[in-house]
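All values below come from the heavy atoms of this structure, side chains included, with hydrogens, waters and symmetry mates left out.
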Amino acid sequence: MCPLIFATEFLDCGSEALSVSLDVASCDIPPCVVSRGDTFSVSIIFDTDHEVETLIADVTANIGGLSVPWPGFDEDACAYTEPSCPIGVNVVANWTYPVEILPEYPAITTVATFRLLDGDLHDEVCLQVPVTII
């Protein structure tokens, strides 16, 4: 029997990792529809091409052509990554984060950009996925 692998389609925007996959809970084909007041899980699995001492999470939404920081994201990506930092060369790591959609967020369709930056501020991971907030 083959294991089932679920992944969400995304646009890579410059990841340096050897491979990257995205899993947004209950979303295989974007736009990912999320409801205000809900929390859902986002997992990014990536294979490092160099040792990663630290990771910084930078999550933004494109609103009116501007890249706006997504409120509430903890920038300490190491705290949500297995294995935790430092991450060795050619290691498959998994960043999993509970995304909270606050009730005061507007109903909008946007493009969310998820970046995991290493200590030199290089994009270990950079991916974009359309999101609709209802």
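Taking 4.5 Å as the limit, every side-chain heavy atom of Leu55 sits out of range of all side-chain heavy atoms of Trp95. Put simply, the side chain of Val24 reaches to within 4.5 Å of the side chain of Phe40, judged on heavy atoms. Side chains of Glu9 and Val129 form no contact here, defined as non-hydrogen atoms less than 4.5 Å apart. The closest side-chain heavy-atom distance from Asp118 to His50 is below 4.5 Å. Here the side chains of Leu121 and Ile56 are in contact, with some heavy-atom distance below 4.5 Å. Pro106 is not listed as a side-chain neighbour of Ile133, based on a closest heavy-atom distance of 4.5 Å or more. The closest side-chain heavy-atom distance from Asp123 to Leu117 is below 4.5 Å.
Minimum heavy-atom separation, Tyr105 to Pro71: OH-O, 3.3 Å. Between Pro86 and Glu51 the shortest heavy-atom distance is CB-OE2, 4.2 Å. Between Cys78 and Thr54, the shortest heavy-atom contact is SG-CA, 3.7 Å. Taking all atoms of both residues into account, the shortest heavy-atom contact from Ala77 to Ala57 is CB-N, 3.8 Å.
Rounded to the nearest 0.5 Å, atoms CG (Asp76) and SG (Cys85) are 7.5 Å apart. Atom OG in Ser35 sits 3.5 Å away from atom CD1 in Ile134 (nearest 0.5 Å). Residue Leu11 holds its CG atom at 5.0 Å from CD of Gln128, rounded to the nearest 0.5 Å. Interatomic distance, SG of Cys126 versus CG of Asp12, reported as 7.0 Å (0.5 Å rounding). In this structure, CG on Asn62 lies 12.0 Å from OG1 on Thr109, to the nearest 0.5 angstrom. Atom OG of Ser21 and atom CG of Asp47 lie 10.5 Å apart (nearest 0.5 Å).
Two different hydrophobic clusters hold Phe10 and Val33 under the rule that ILVMFWY side chains link at heavy-atom gaps under 4.5 Å. Trp70 and Leu66 fall within a single hydrophobic cluster, where Ile, Leu, Val, Met, Phe, Trp and Tyr are joined by side-chain heavy atoms under 4.5 Å apart, directly or via other members. The hydrophobic clustering, which links ILVMFWY residues whose side-chain heavy atoms are closer than 4.5 Å, places Val131 and Ile108 together. Residues Leu102 and Val42 fall within the same hydrophobic cluster, defined by Ile, Leu, Val, Met, Phe, Trp and Tyr side chains chained together at heavy-atom separations under 4.5 Å. Cluster membership check: Ile101 shares its hydrophobic cluster with Val59, using side-chain heavy-atom separations under 4.5 Å among Ile, Leu, Val, Met, Phe, Trp and Tyr.
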**Request:** Might you work through the side-chain hydrogen bond (donor to acceptor under 3.5 Å, both in side chains) test for Glu100 and Thr39, ending with a clear yes or no?
**Result:** CA-CA 4 Å; Glu100 186 176 2; Thr39 300; 5.0 Å; no
**Request:** Just do the side chain to side chain contact (heavy atoms under 4.5 Å, CB included) check on Tyr97 and Thr81 with the steps written out, would you?
**Result:** CA-CA 9 Å; Tyr97 195 87; Thr81 303; over 6 Å; no
**Message:** What verdict does the side chain to side chain contact (heavy atoms under 4.5 Å, CB included) test give for Val20 and Leu22, after you've listed the backbone C-alpha separation in whole Å, the side-chain angles of each residue and the deciding distance to 0.1 Å?
**Reply:** CA-CA 7 Å; Val20 177; Leu22 170 68; 5.9 Å; no
**Asked** Under the side chain to side chain contact (heavy atoms under 4.5 Å, CB included) criterion, do Thr113 and Asp58 qualify, and how do the steps go?
**Response** CA-CA 8 Å; Thr113 300; Asp58 178 34; over 6 Å; no
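The aromatic rings of Phe73 and Phe114 stand perpendicular to each other, their planes meeting at an angle above 60°, with 30° marking the opposite boundary.
Although no hydrogens or angles enter the test, the distance criterion places a donor-acceptor pair under 3.5 Å between the side chain of Thr8 and the main chain of Cys27. In this structure, Thr48 contributes its side chain and Asn90 its backbone to a donor-acceptor pair below 3.5 Å.
The 12-atom threshold is exceeded at CD of Glu53, counting heavy atoms of other residues, nucleotides or ligands nearer than 6.0 Å.
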